[in-house]
Amino acid sequence: MNEKDLNEELAQKRSEAKEKLNSTMPGLAAFLEKLEVRSQDSDFETLRAMVKNALKEGGQGGLELPPPPRWQDHVIEGQITPNASVLDVGCGEGDLLVRLSESRKARVQGIELDQEMAMRCIERGIPTYHGDLEASLQNFQDDSYDFVILEETLQTLQHPIDVLQELLRIGRRVVVSIPNFAHWRVRLAFSLGGRMPRTASLPHTWFNTPNIHLCTLNDFMDWVEEAHVHILDGWSLVSGRVEKYQGEHNLTAEQALFLLGRKAKGQ
């Protein structure tokens, strides 16, 4: 499915959802629009069906399991071309960069704020800049890397949009992963419990979470459209399985990973 077809399909689904809301409760769609709810990807019955299905599965199938550790690494590895230059922003101890250096013969570099993690990278032979990633990106030239990676980091940044724009300037391709705050369990926990949700993908409490700018897949797609960014590929983590992103995962995806590129002028 190309980007135009995806946008048309999403517009059709939003129109159908609006009609369904009005049939459920006259005036509900207009009321939500006044609350700046620009589109609807679910309704009360949809959430009820999700809960009913989870209860019916029971046992292990009905439990929310922690996401597979660093499931994104395998997907990212499959996108990196041999001998490519790779910058990992927020690289931790360098596990992914070591993997890419060995399997793809990639020329790698990392940026890491934590001093101990940065030192560990250097000990493993990974060139690593220790410092604030948001401040350091301006030192890189345009198109200086084939791939720039931002894995499980975007939601922890003070200025996430500025960082995304810098990454698209520095890299010919950008890989970014995000947790999805619109997952149905999150919606259910917040609406019925009235507190900030804690799930397997979002395990922290409100006062100790490193996540300061949580978004949903729909929010991310809004930015993609506004910033004229091209989604080259995407993957979602749905019930512990990695699936191709098809534009319908805002309700079901716990996390998502996207391969981004700049659109050519005129697109």
Side-chain angles (χ1 to χ4, degrees), residues 1-18 21 29-42 72 76 79 87 89-90 133-135 137-138 140 142-145 147-183 186-187 202 211-237 244-267:
M1 180 180 295
N2 60 40
E3 187 176 7
K4 181 179 179 181
D5 291 339
L6 178 58
N7 289 336
E8 291 178 350
E9 182 176 333
L10 290 176
Q12 178 65 26
K13 289 183 180 297
R14 288 169 181 169
S15 177
E16 292 173 355
K18 184 173 181 179
L21 280 176
F31 178 74
L32 292 176
E33 287 178 357
K34 291 179 181 179
L35 296 178
E36 296 188 2
V37 178
R38 287 170 287 176
S39 63
Q40 298 82 43
D41 61 4
S42 66
Q72 302 97 328
I76 294 172
Q79 301 305 305
L87 174 67
V89 181
L133 67 89
E134 298 194 50
L137 291 176
Q138 60 185 338
F140 291 88
D142 296 358
D143 294 324
S144 50
Y145 289 88
F147 294 89
V148 180
I149 300 169
L150 189 71
E151 183 180 352
E152 298 185 357
T153 303
L154 183 66
Q155 71 277 2
T156 69
L157 302 176
Q158 289 286 345
H159 305 98
I161 298 302
D162 292 344
V163 170
L164 285 171
Q165 291 171 339
E166 282 290 276
L167 300 187
L168 286 163
R169 177 185 65 80
I170 296 168
R172 297 177 179 85
R173 296 288 184 267
V174 173
V175 180
V176 59
S177 67
I178 60 172
N180 177 30
F181 204 65
H183 185 263
V186 175
R187 302 189 199 197
L202 297 166
N211 303 322
I212 60 176
H213 283 124
L214 286 164
C215 72
T216 72
L217 297 190
N218 282 354
D219 288 325
F220 192 79
M221 290 304 121
D222 287 345
W223 169 77
V224 164
E225 184 176 352
E226 293 167 3
H228 303 290
V229 174
H230 185 47
I231 295 183
L232 303 173
D233 216 335
W235 301 263
S236 300
L237 184 68
K244 279 285 190 177
Y245 176 76
Q246 296 291 344
E248 300 177 352
H249 288 158
N250 197 49
L251 183 67
T252 58
E254 299 133 39
Q255 300 173 358
L257 176 73
F258 297 101
L259 178 64
L260 309 176
R262 298 186 299 267
K263 284 187 178 180
K265 292 182 178 180
Q267 284 190 305

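The residues of the chain are indexed from 1 along the displayed sequence.
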Trainee: Which pair of heavy atoms, one from Pro179 and one from Gln155, lies closest together, and at what distance?
Mentor: CD-OE1, 3.3 Å

Trainee: Tell me, please, which residues at least two apart from His213 pass side chain to side chain donor-acceptor pair (under 3.5 Å).
Mentor: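 Applying side chain to side chain donor-acceptor pair (under 3.5 Å) to His213 gives none.
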
Trainee: Who are the side chain to side chain donor-acceptor pair (under 3.5 Å) partners of Asp162, not counting sequence neighbours?
Mentor: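 Partners of Asp162 by the side chain to side chain donor-acceptor pair (under 3.5 Å) criterion come out as none, since no residue qualifies.
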
Trainee: In sequence, state the C-alpha distance, the side-chain angles, and the governing distance for Ile231 and Leu260, and then conclude on side chain to side chain contact (heavy atoms under 4.5 Å, CB included).
Mentor: CA-CA 5 Å; Ile231 295 183; Leu260 309 176; 3.9 Å; yes

Trainee: Would you name the heavy atoms of Leu217 and Ala256 that are closest together and state the gap between them?
Mentor: CD2-CB, 3.5 Å

Trainee: Specify the closest pair of heavy atoms between Ala253 and Asn180, including all atoms of both residues, with the distance to one decimal.
Mentor: O-ND2, 2.8 Å

Trainee: Do Val174 and Leu259 come within less than 4.5 Å of each other through their side chains, counting heavy atoms only?
Mentor: no

Trainee: Take Val176 and Leu167 through the test side chain to side chain contact (heavy atoms under 4.5 Å, CB included) and record every step on the way to the result.
Mentor: CA-CA 10 Å; Val176 59; Leu167 300 187; over 6 Å; no

Trainee: With sequence neighbours excluded, tell me which residues meet side chain to side chain donor-acceptor pair (under 3.5 Å) with Arg169.
Mentor: Asp142, Glu166

Trainee: Does some side-chain heavy atom of Leu87 sit less than 4.5 Å from a side-chain heavy atom of Phe140?
Mentor: yes

Trainee: Is Leu133 close to Leu157 at the side-chain level, that is, under 4.5 Å between some pair of heavy atoms?
Mentor: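 The answer is yes, as the side chains (C-beta and beyond) meet within the 4.5 Å cut-off.
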
Trainee: Which distance, rounded to the nearest 0.5 Å, do you find between the CG of Asn250 and the NE2 of His183?
Mentor: 10.5 Å

Trainee: Quick one: do Lys244 and Trp235 satisfy side chain to side chain contact (heavy atoms under 4.5 Å, CB included)? Show the steps, please.
Mentor: CA-CA 4 Å; Lys244 279 285 190 177; Trp235 301 263; 3.7 Å; yes

Trainee: Going from CZ on Arg172 to CD1 on Ile170, what distance comes out if it is rounded to the nearest 0.5 angstrom?
Mentor: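 Separation between the atoms: 12.0 Å.
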
Trainee: With Glu151, which residues qualify under side-chain contact (heavy atoms from CB on, under 4.5 Å), at least two apart?
Mentor: Arg70, Gln72, Asp73, Ile76, Leu96, Ile149, Ser177

Trainee: Step by step, work out the salt bridge (Lys or Arg N to Asp or Glu O under 4.0 Å) result for Asp233 and Arg173.
Mentor: CA-CA 11 Å; Asp233 216 335; Arg173 296 288 184 267; over 6 Å; no

Trainee: Can you list the residues that meet the side chain to side chain donor-acceptor pair (under 3.5 Å) rule with Thr153, with sequence neighbours excluded?
Mentor: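 Testing Thr153 for side chain to side chain donor-acceptor pair (under 3.5 Å), a comparison that skips the adjacent residues, returns none.
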
Trainee: Okay, side chain of Arg262, backbone of His228: is any donor-acceptor separation there less than 3.5 Å?
Mentor: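 No, the answer is negative, given that no donor and acceptor are paired below the 3.5 Å cut-off.
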
Trainee: Roughly how far, to the nearest 0.5 Å, is the CG atom of Asp222 from the OG1 atom of Thr216?
Mentor: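 Reported value, rounded in 0.5 Å steps: 7.5 Å.
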
Trainee: Give, for atom CG of Asn211 and atom OG1 of Thr156, the distance between the pair rounded to the nearest 0.5 Å.
Mentor: 7.0 Å

Trainee: Which pair of heavy atoms, one from Pro160 and one from Leu154, lies closest together, and at what distance?
Mentor: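 For Pro160 and Leu154, the tightest heavy-atom pair comes out as CB-CD1, 3.6 Å.
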
Trainee: Could you work out, with ring-ring contact (aromatic ring centres under 6.0 Å, His included) as the rule, every residue matching Phe220, not counting sequence neighbours?
Mentor: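 ring-ring contact (aromatic ring centres under 6.0 Å, His included) check on Phe220 returns Trp223, Phe258.
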
